[in-house]
Amino acid sequence: MTEDFIEGPARDPDPDAVAARLAAEALIVDVDGFEGPLDVLLMLARTQKVDLRTISVLQLARQYLVFVERARELRLELAADYLVMAAWLAFLKSRLLLPPDPEEEGPSAEDLAAHLAFQLERLEGMRKAAARLMARDQLGRDVFARGEPEGLERSRKVVWTATLLDLMQGYARLRTRDDFRPFVMDRKDVFTMEAALERLRPLIGAVGEWTDLTAFLPDGWAGDPARRRSATASTFAATLELAKTGVLELHQTDTFGPIRIRGRA
Amino acid sequence: MTDPIASDTLFEAPPLAEQERMVEAVLFASAAPVTIGELHARLPHGCDAPAALEQLAKRYDGRGVRLVKVGDAWAIRTAADLAFLMTRETVETRKLSRAAIETLAIVAYHQPATRAEIEEIRGVSVSKGTIEQLLDLDWIKLGQRRQTPGRPVTFVVTRAFMDHFGLASPRDLPGLKELRAAGLLESTPPPDELPAREDDDQTDDMFERAPPEEEH
Amino acid sequence: MTDPIASDTLFEAPPLAEQERMVEAVLFASAAPVTIGELHARLPHGCDAPAALEQLAKRYDGRGVRLVKVGDAWAIRTAADLAFLMTRETVETRKLSRAAIETLAIVAYHQPATRAEIEEIRGVSVSKGTIEQLLDLDWIKLGQRRQTPGRPVTFVVTRAFMDHFGLASPRDLPGLKELRAAGLLESTPPPDELPAREDDDQTDDMFERAPPEEEH
């Protein structure tokens with residue numbers, strides 16, 4: 001719509017400056033309709049009525065600066081992009097007007113102008129391409145897919161596999177597992193020598209008479225044969241240990257006869 | 001002549017070949033079968049939908065798609081003999097879980113085996129899913145009920161199991177001694193532990209009271 | 001001969017006429033384009049899908065529906081000249097904004113294109129909503145990251161885009177040759193001091209390294 005608005009005044013036979021001014025005014029009315037400064041520049045470039053390759057960037061810069069000036073007069077708020085472009089174009093304009101400075105490094109004013117023209121041409125090219133793309137026959141508008149598709153299914157089937165080796169190894173693993181159960185000592189029915197020593201040491205000092213070893217078995221260890229065996233063995237071992245240190249004496253009258261002990265205080 | 005607009009713009013109906021094209025496009029794009037009435041409403045004035053349909057049906061004769069009548073409406077459908085092309089199976093191979101392999105091995109070596117027996121040997125409970133998977137695979141099946149209190153069901157291996165594992169009979173499963181000789185038992189248990197589990201006897205044993213061989 | 005199972009086991013492809021029927025059925029059944037790979041996966045072993053497609057395309061020449069190529073896939077679509085019959089099927093799509101249309105065109109003609117490149121060409125920043133809308137429509141998708149500092153993501157057009165606009169390949173984009181001849185698709189870094197957007201300037205044109213086509 002904006003485009004139509006511009007095309008009108010641009011047809012005016014008046015010189016470019018007038019057309020540009022009119023165009024700029026038209027632009028200002030609808031600045032929201034523009035997609036950034038490049039878009040505005042492209043619109044202004046069209047008012048020059050020449051191929052974008054031969055456009056006068058100097059004139060374009062003037063047109064744009066007029067556009068920005070008018071926008072300010074009308075107190076329209078312009079986005080920062082537009083002002084940055086205005087500043088840059090003012091700079092470009094001055095460089096294009098001055099003779100080139102041989103000391104100056106970087107791109108020449110002509111290079112910068114040429115690139116701007118390229119950008120405009122490229123944007124124009126993309127716009128035309130987009131229009132041609134949208135003018136193609138479109139699916140759902142001009143051509144149609146099957147309305148009632150029957151569908152292509154892709155089902156996934158899982159095949160489970162195992163080999164005979166897996167089977168045998170699995171069985172072997174099971175059948176040998178019990179054979180290798182870790183050995184656990186049965187501690188419930190074992191009276192250790194440490195326990196016997198601990199028990200005897202405080203008692204032995206008070207024993208002045210020969211006393212049968214079995215009298216020193218702890219309570220609850222004399223009944224059950226397994227427990228009795230364990231307690232007897234450990235108590236005997238403890239007495240030997242204590243005899244070695246000289247705190248008690250042992251006495252046995254004959255083979256398998258009762259073992260008697262007494263303290264040596 | 002009843003439709004003034006159509007007859008104004010197109011005094012003549014398009015040729016039948018063109019009508020056939022139109023019917024073809026409409027049926028193709030329509031989300032539901034189309035009745036003759038609807039066709040007449042959509043086609044240019046003066047078209048003969050039944051005639052166009054008849055031509056189209058002839059054209060599709062023997063093709064990959066057919067013109068079919070659904071009630072009083074018409075639709076294009078793929079030929080029934082090509083239905084197999086519409087589903088495509090992708091096969092994924094997965095290794096059986098350890099639980100499933102062990103359960104299967106127990107059934108194979110001890111069949112008929114009850115669930116309680118499987119659990120006793122594995123030392124853990126057997127999930128329902130594992131048994132179901134093996135039943136699904138057709139590698140085990142229900143045997144006769146055990147004649148003990150509770151009459152528990154037993155499991156036996158199938159013909160499909162033997163086919164898969166390349167066994168002529170469950171007797172062909174190697175015994176523990178052979179497994180050991182083959183190096184499948186990683187280490188040798190202490191000698192005096194062994195006689196207690198006369199494994200080979202045991203495994204052979206079960207085939208003496210041979211499981212009912214299934215007919216497949 | 002037509003028995004798929006028999007031909008599968010004999011490793012003998014059905015005759016070309018039968019393959020053509022099969023391709024016809026598969027393409028009719030699907031609303032989306034079907035790739036050559038998918039066709040081969042569905043057809044019996046040894047089938048020559050491109051040959052069958054060629055025959056099928058000839059058969060449908062001038063009919064109410066057409067065989068159309070969409071990248072490496074094929075689809076059956078109604079003939080565009082019959083669009084006037086399809087008012088009932090027409091999908092009212094939300095009108096795309098100018099920004100979205102231009103962004104789409106830039107991605108299509110310059111793909112893979114980074115966001116910075118799109119902005120450089122349009123001279124204005126691209127709103128997130130625009131990219132999202134195009135992604136939603138499944139007309140653009142993420143391509144490979146550009147191997148430049150920051151590894152920016154790139155966008156490429158999809159098969160759905162080509163399907164929608166009836167493009168057999170990205171080379172068929174309208175005006176592509178002219179744009180390229182005019183040097184407008186080349187990467188031309190702006191000289192310093194231009195108030196241009198930061199870009200990473202590798203607008204290689206897309207046809208040198210085609211984007212990976214997705215499976216459907």
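Protein chains get the first letters and strands the later ones, always in sequence-line order, with residue 1 at the start of each. Note that the structure is a prediction, hence the values are computed from the model and not measured.
- No side-chain donor-acceptor contact under 3.5 Å links Thr54(A) and Asp51(A).
- Using a 4.5 Å cut-off between heavy atoms, Ala80(C) contacts chain A through both its backbone and its side chain.
- Between Arg77(C) and Asp137(A) there is no salt bridge, since no side-chain nitrogen of the basic residue lies less than 4.0 Å from a carboxylate oxygen of the acidic one.
- There is no contact between Phe84(C) and chain A, counting heavy-atom distances below 4.5 Å.
- No salt bridge links Arg173(A) with Asp166(A); every basic N to acidic carboxylate O contact stays at or beyond 4.0 Å.
- Aromatic ring pairs are classed by plane angle as parallel below 30°, tilted from 30° to 60° and perpendicular above 60°; the pair Tyr60(C) and Phe28(C) is tilted.
- Residue contact with chain A, scored on non-hydrogen atoms closer than 4.5 Å, involves the backbone of Ala79(C) exclusively.
- There is a side-chain donor-acceptor pair under 3.5 Å between Thr130(C) and Ser127(C).
- Using a 4.5 Å cut-off between heavy atoms, Arg146(A) touches chain C through backbone and side chain atoms alike.
- Of the atoms belonging to Arg42(C), it is side-chain heavy atoms, and not backbone ones, that fall under 4.5 Å from chain A.
- Looking at Ile76(C), only its backbone comes within 4.5 Å of chain A, counting heavy atoms on both sides.
- The shortest side-chain heavy-atom distance between Leu44(A) and Val40(A) falls under the 4.5 Å cut-off.
- Interface summary for chain A: among Ala99(C), Ala83(C), Pro174(C), the most heavy-atom pairs under 4.5 angstrom belong to Pro174(C).
- Thr47(A) and Gln63(A) share a side-chain donor-acceptor pair at under 3.5 Å.
- In this structure, the portion of Val34(C) lying under 4.5 Å from any heavy atom of chain A is its side chain and not its backbone.
- Between chain C and the options Ala131(A), Ala130(A), Ala87(A), Gly36(A), heavy-atom pairs under 4.5 Å are most frequent for Ala130(A).
- With chain A as the partner, the residue from Val68(C), Leu27(C), Thr78(C) showing the most heavy-atom pairs under 4.5 Å is Thr78(C).
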